[in-house]
Amino acid sequence: MNNFMNIALEEAVLGYKEGEIPVGAVIVSNNKILCRTHNEKEKYKNSLKHAELLAIDYATNLIGDWRLNECDIYITMEPCLMCVGALIQCRIKNIYYLIDNPKFGGLKNLNMNEYNHKINIIKIDDEKLINNYKELLKTFFKDKR
């Protein structure tokens, strides 16, 4: 599990190097990576180019179906409300994430009992990964100011 989160963290670093808010995502099926992505909002000047939405797009194109009900997503940061909606729509099985997103997180008030499709939401508790990611975010926002 943490191996996939390490890869999501690598994607976040790639995004950071490209001037993107460093968020990485990996979609996995049967313990195999389907795709790995990071934010590309600045690159395309498009607010829809979140790592999670790009990952959904790549994975559904790869498998030829809009349903990802046998897939898991690993995300460095709690997804926003828009991305949570997309993850519900594509029927993702599990959402693994590393840190909360206090300003824009979409999981806080989510009641999975309201939906036909149930998603398991798992917050990764790995102090080393969390600290590495928090340091990356801190550096990114310090560089931006």
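This chain uses plain numbering: 1 for the first residue, then up along the sequence.
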- Message: For a 4.5 angstrom cut-off between non-hydrogen side-chain atoms, does L107 reach V84?
- Response: yes
- Quick one: which residue pairs count as a salt bridge (charged side-chain N to carboxylate O under 4.0 Å, His left out) with a foot in residues 41-51, not counting sequence neighbours? E42-K45
- Message: Tell me whether K128 is salt-bridged to D126, with the criterion being a basic N under 4.0 Å from an acidic carboxylate O.
- Response: no
- Query: Looking at CE of M5 and OH of Y133, how far apart are the two atoms once the value is rounded to the nearest 0.5 Å?
  - Reply: 9.5 Å
- May I ask whether I99 and I21 are part of the same hydrophobic cluster, defined by side-chain heavy atoms of I, L, V, M, F, W, Y residues being less than 4.5 angstrom apart, directly or through others? yes
- Query: Checking side chain to side chain contact (heavy atoms under 4.5 Å, CB included) for the pair N69/I92: CA distance, chi angles, key distance, verdict?
  - Reply: CA-CA 5 Å; N69 53 343; I92 202 88; over 6 Å; no
- Task: Quick one: closest heavy-atom pair of I27 and I56, and the distance?
- Result: CD1-N, 3.8 Å
- Query: Which atom names give the shortest non-hydrogen contact between C35 and A55, and what distance separates them?
  - Reply: SG-O, 3.3 Å
- Value for OG (S29) from CD1 (I63), rounded to nearest 0.5 Å, stands at 7.0 Å
- Item | Donor-acceptor contact present, side-chain N39 to main-chain A51, <3.5 Å | yes
- Message: To the nearest 0.5 Å, what is the distance between SG on C71 and CZ on R91?
- Response: 13.5 Å
- Any chance CG of N46 has more than 12 other-residue heavy atoms, nucleotides or ligands included, within less than 6.0 Å? yes
- Between V28 and L34, is any pair of side-chain heavy atoms under 4.5 Å apart? no
- Item | Euclidean distance, N131 CG relative to K138 NZ, rounded to 0.5 Å | 10.5 Å
- Message: Just so I know, are the side chains of I73 and V26 near enough to count as touching, which here means a heavy-atom distance under 4.5 Å?
- Response: no
- Task: Consider only side-chain heavy atoms of I, L, V, M, F, W and Y, link residues closer than 4.5 Å, and tell whether F141 and I130 are in one cluster.
- Result: yes
- Message: Which residue in the set I121, I122, I124 passes side chain to side chain contact (heavy atoms under 4.5 Å, CB included) when paired with Y97?
- Response: I121
- Message: Grouping I, L, V, M, F, W and Y whenever their side-chain heavy atoms are under 4.5 Å apart, do W66 and L53 come out in a common cluster?
- Response: no
- Item | Gap between atom CG of L54 and atom CD of E52 - 0.5 Å precision | 9.0 Å
- Flag yes if L62 and I33 sit in one hydrophobic cluster, no otherwise; membership is Ile, Leu, Val, Met, Phe, Trp, Tyr, and two members link when side-chain heavy atoms are under 4.5 Å apart. yes
- Test L14 against E11 for side chain to side chain contact (heavy atoms under 4.5 Å, CB included), laying out the working first. CA-CA 5 Å; L14 289 174; E11 283 294 322; 3.7 Å; yes
- From K32 NZ over to F4 CZ, what is the distance, rounded to the nearest 0.5 angstrom? 10.5 Å
- Message: Tell me whether K108 at atom NZ has more than 12 heavy atoms from other residues, nucleotides or ligands lying less than 6.0 Å away.
- Response: yes
- Can you name the nearest heavy-atom pair linking T76 to P22, along with the distance? OG1-O, 4.1 Å
- Message: Grouping I, L, V, M, F, W and Y whenever their side-chain heavy atoms are under 4.5 Å apart, do L98 and I7 come out in a common cluster?
- Response: yes
- Query: Is E78 paired with K123 through a side-chain N to carboxylate O contact shorter than 4.0 Å?
  - Reply: no
- Only counting residues at least two apart or in another chain, list the ones meeting side chain to side chain donor-acceptor pair (under 3.5 Å) with D72. N94
- Query: What is the ring orientation for Y16 with F140, classed by angle as parallel under 30°, tilted 30 to 60°, or perpendicular over 60°?
  - Reply: perpendicular
- Task: For side chain to side chain contact (heavy atoms under 4.5 Å, CB included), just list the numbers for M77 and L137, CA-CA rounded to whole Å, side-chain angles, deciding distance to a tenth of an Å, and then say yes or no.
- Result: CA-CA 10 Å; M77 185 183 293; L137 288 170; 3.6 Å; yes
- Would you check, one step at a time, whether the test side chain to side chain contact (heavy atoms under 4.5 Å, CB included) holds for E18 with H38? CA-CA 10 Å; E18 294 172 7; H38 55 272; 2.9 Å; yes
- Item | Any side-chain heavy-atom pair of T37 and Y58 under 4.5 Å | yes
- Using distance alone, with no hydrogens and no angle criterion, decide if E40 and H50 have a side-chain donor and acceptor under 3.5 Å apart. no
- Please check if atom CG in D125 has more than 12 non-hydrogen atoms from other residues, nucleotides or ligands closer than 6.0 Å. no
